[in-house]
Amino acid sequence: MSGTTDTTNMPNIKISTGSSSSSQISSPPPVDFLYSTPPSITRVLTYTSPLIRFFSYFLSLVTWTTGNPSESCLLVAAWWTFCLYPTEIIIYGTHLFLLAWIGWKWVEKGKREKLGKPSSASKSTSQLDLNRTVSEIHTISDKLTSFHALINLIRSNVDWTNPSQTQKVVRGLIYSYPIWLILTFFISLTWIFIILGTFGLVWHSPWFKFTRFILMKSPLFHGIMDLICVYAFGGNLSQQGERGGFSVRAFGTLISKAKEQQKKLAGKKVNDSKDENKTCTDLIFRFVIYENQRWWLGLDWTTNLFLNERPAWSDEYNEPTNPKSSFELPQTTTIIETPEDSSALIKKTMEWKWENPDWWIDYDGDVDKDGWQYADNRWNNFSSKSGFRKYTRRRKWVRTARLIETIEKIDKNDEIKEDDNQQDQQDQDNKQNQKVTEITEDFEKKENNTKPPPYFLSSSSSDSKSLPLISRKSNGKFDTESISFTVSSEKEQH
């Protein structure tokens with residue numbers, strides 16, 4: 001199936017799909033990246049997934065939600081080590097880290113060759129990996145909610161939304177400046193960073209939460225904080241703020257002009273980068289399907305499964321999919337974009353091609369020599385051993401494909417001419433069809449006019465009765481049998 005579809009919510013963009021394939025893949029909620037998501041979004045998620053996973057794990061360490069507090073304690077120890085010995089870590093640790101990383105890759109390569117995996121398997125991304133990345137993005141968003149609220153609170157106190165609060169902040173900064181200079185004179189910046197970083201890393205720890213709760217209930221702590229606030233933020237600077245010679249409006253105008261100029265430069269860079277034709281082939285996707293079987297007495301292992309369980313061939317979410325013999329890649333997609341301030345059109349063609357010649361069995365995990373995992377009657381407790389109470393099994397098949405994205409620059413005038421030519425050709429076809437229809441109608445009218453009328457036969461006598469209506473045959477001749485029968489009937493009546 002091929003055609004062109006105009007998207008309603010995407011102006012100046014046309015998407016067309018070519019015949020290639022179809023399949024379905026259904027973490028909460030799962031996203032179908034191959035059919036409902038543009039390839040650019042899939043590529044960005046693939047590129048940034050290691051960073052997203054690392055940042056999600058780092059936030060879990062900082063918020064002490066990994067389930068193992070010792071990991072967060074190791075993070076605090078690493079912070080102290082890096083602050084106390086930064087020079088030694090950079091000089092001696094950089095090469096050691098790179099050597100350890102290369103050695104680990106060598107070990108992974110040996111395992112991959114032992115299991116018979118192609119080299120592209122380690123670089124590919126599966127549907128499950130992308131959904132995990134999306135789930136981690138949701139987790140990051142939830143964990144950064146309180147941090148974002150803190151940033152908004154600080155921003156509202158310094159952007160003159162509330163002039164009285166901003167004036168108090170300015171007064172606090174002015175009064176605390178001498179204290180900061182004295183503190184940095186007696187205490188080195190290294191220890192200041194160690195102390196501040198340690199407070200930030202242990203802020204969400206269970207024992208520090210308990211300590212904060214006790215301090216908030218202490219009258220002595222409240223008295224000390226009140227004295228600090230009176231010293232730093234006390235007084236009224238509203239009149240002084242009104243007499244200030246600094247123009248906030250002029251500064252805001254300058255910032256807005258700088259942003260406009262930055263947008264123009266960014267748009268120019270985008271247009272310049274799109275002027276040249278290029279091809280991207282760096283996205284490798286890993287397709288995973290499972291072969292499911294059930295054991296029956298007297299039939300051994302077959303694909304005859306119950307109706308209420310997973311199908312014989314399923315994806316990573318146990319949803320039905322095509323077998324590996326008839327599994328097809330997604331359709332080829334063509335997108336035509338109109339860049340801003342440009343007379344050219346950008347044509348993007350996304351086409352999938354298999355990276356591996358055939359499907360291969362994934363031997364990772366607890367599987368037997370043929371790649372099977374055996375489970376009980378409800379597909380639970382998977383292991384590599386078959387036997388008593390093992391009535392189901394599955395095998396994981398993997399194959400990688402590469403996305404080839406071709407970006408071409410098309411002259412808008414040529415595109416308009418092509419559209420005009422197509423419209424002219426369509427008009428000519430319509431006119432030709434209309435002429436054929438008119439000729440057919442004229443021919444039918446002439447044929448109806450030349451058709452002989454029906455005849456009545458009557459006797460020569462005046463009291464004779466006319467015979468019934470007798471039509472001609474299709475060849476124009478009278479039906480002689482009907483005529484003779486009619487005449488004989490008339491004679492008998494006389």
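Start at 1 with the first residue, then count along the sequence.
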Q: Show the nearest heavy-atom pair for residues W379 and N292, with the distance to one decimal.
A: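 Looking at all heavy atoms of both residues, the shortest contact is CH2-CB, 3.6 Å.
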
Q: If every non-hydrogen atom of N157 is compared with every non-hydrogen atom of V169, which pair is closest and at what distance?
A: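 Closest heavy-atom pair between N157 and V169: O-CG2, 3.8 Å.
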
Q: Are any side-chain N or O atoms of W359 and backbone N or O atoms of K324, one a donor and one an acceptor, separated by less than 3.5 Å?
A: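 Looks like yes, one N/O pair under 3.5 Å.
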
Q: Please round to the nearest 0.5 Å and tell me the distance separating atom CG of N377 and atom CD of E309.
A: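 N377 CG to E309 CD: 7.5 Å, rounded to 0.5 Å.
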
Q: Between atom CG of D370 and atom OH of Y363, what is the distance when rounded to the nearest 0.5 Å?
A: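 Spacing of CG (D370) from OH (Y363) equals 6.0 Å.
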
Q: For P357, is there any backbone N or O sitting under 3.5 Å from a side-chain donor or acceptor partner on R399?
A: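 Pair found, side chain donor or acceptor close to backbone of P357.
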
Q: Aromatic rings F199 and F208: how do their planes relate, parallel, tilted or perpendicular, breaks at 30° and 60°?
A: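 Because their plane-to-plane angle is over 60°, the rings of F199 and F208 count as perpendicular.
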
Q: What verdict does the side chain to side chain contact (heavy atoms under 4.5 Å, CB included) test give for R286 and D129, after you've listed the backbone C-alpha separation in whole Å, the side-chain angles of each residue and the deciding distance to 0.1 Å?
A: CA-CA 9 Å; R286 184 172 67 254; D129 295 336; 2.7 Å; yes

Q: For I89, run the side-chain contact (heavy atoms from CB on, under 4.5 Å) check against L84, T94, T81 and tell me which one passes.
A: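 Result: among L84, T94, T81, T81 is the only option passing the side-chain contact (heavy atoms from CB on, under 4.5 Å) with I89.
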
Q: Would you please say whether a donor-acceptor pair under 3.5 Å links the side chains of T400 and N356?
A: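 Present: a donor and an acceptor within the cut-off.
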
Q: For S156 versus D159, what's the shortest heavy-atom pair and its separation?
A: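 It is O-OD1, 3.2 Å.
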
Q: Is a side-chain donor-acceptor pair under 3.5 Å present for Q373 with Y290?
A: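 No pair is found: no donor N or O on one side chain lies under 3.5 Å from an acceptor on the other.
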
Q: List the atom of K385, the atom of Y374, and the distance in Å for their closest heavy-atom pair.
A: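 Reported closest heavy-atom pair: O-CB, 3.6 Å.
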
Q: Any ring pair (Phe, Tyr, Trp, His ring centres under 6.0 Å) involving residues 82-117? Give me the pairs, sequence neighbours left out, ordered by first then second residue.
A: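 The answer is none; no pair qualifies.
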
Q: Let's go through K111 and E108 carefully: what are the C-alpha distance in whole Å and the side-chain angles of both, what is the deciding distance for salt bridge (charged side-chain N to carboxylate O under 4.0 Å, His left out) to 0.1 Å, and is it a yes or a no?
A: CA-CA 5 Å; K111 291 182 178 179; E108 287 186 343; over 6 Å; no

Q: Would you say the side-chain atoms of T66 and N68 include a donor-acceptor pair closer than 3.5 Å?
A: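 No.
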
Q: Using 0.5 Å steps for rounding, measure from the OG atom of S384 to the NZ atom of K390.
A: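 S384 atom OG to K390 atom NZ measures 9.0 Å (nearest 0.5 Å).
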
Q: Assess R294 against F306: is NZ or CZ under 6.0 Å from the centre of the six-membered ring, and within 45 degrees of the ring's axis?
A: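 No, cation not above the ring by the 6.0 Å, 45° rule.
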
Q: Roughly how far apart are K353 NZ and R402 CZ, rounded to 0.5 Å?
A: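 Rounded to the nearest 0.5 Å, the NZ-CZ separation comes to 11.0 Å.
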
Q: Taking S72 for its side chain and L61 for its backbone only, find out whether a donor-acceptor pair lies under 3.5 Å.
A: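 Checked: pair present.
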
Q: To check you understand the geometry: which heavy-atom pair defines the closest contact between I140 and I52, and what is its length?
A: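 It is CD1-O, 3.8 Å.
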
Q: Starting at OG of S56, measure out to CG of L51 and round the result to the nearest 0.5 Å.
A: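 Reported to 0.5 Å precision, the distance equals 12.5 Å.
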
Q: For W354 and F327, take the angle between the two ring planes, folded into 0 to 90°, and tell me which bin it lands in: parallel under 30, tilted 30 to 60, perpendicular over 60.
A: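 Tilted, since the angle between the ring planes falls between 30° and 60°.
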
Q: Could you check whether the rings of F58 and F55 sit parallel, tilted or perpendicular, using 30° and 60° as the cut-offs?
A: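 Because their plane-to-plane angle is under 30°, the rings of F58 and F55 count as parallel.
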
Q: Does any N or O in the side chain of W64 come within less than 3.5 Å of the main-chain N or O of L201, such that one atom is a donor and the other an acceptor?
A: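 Present.
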
Q: Of all the heavy-atom pairs spanning L299 and T302, show the shortest one and how long it is.
A: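 Shortest heavy-atom separation between L299 and T302 comes out as O-CG2, 3.6 Å.
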
Q: Where does the angle between the aromatic ring planes of W313 and W397 fall among parallel (under 30°), tilted (30 to 60°) and perpendicular (over 60°)?
A: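 It falls in the tilted class, 30° to 60°.
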
Q: Could you walk me through whether I194 and W80 pass side chain to side chain contact (heavy atoms under 4.5 Å, CB included), step by step?
A: CA-CA 6 Å; I194 289 176; W80 278 62; 3.4 Å; yes

Q: Determine whether the side chains of K143 and S60 contain a donor N or O and an acceptor N or O closer than 3.5 Å.
A: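 Short answer, yes.
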
Q: Before accepting this row, confirm whether a basic side-chain N of the pair K109/E113 lies closer than 4.0 Å to the acidic partner's carboxylate O.
A: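 Judged by the 4.0 Å cut-off on N to carboxylate O distance, K109 and E113 do form a salt bridge.
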
Q: Please report the interatomic distance CG(L403) to CD(E351), rounded to the nearest 0.5 Å.
A: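 Result: 9.5 Å between the selected atoms.
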
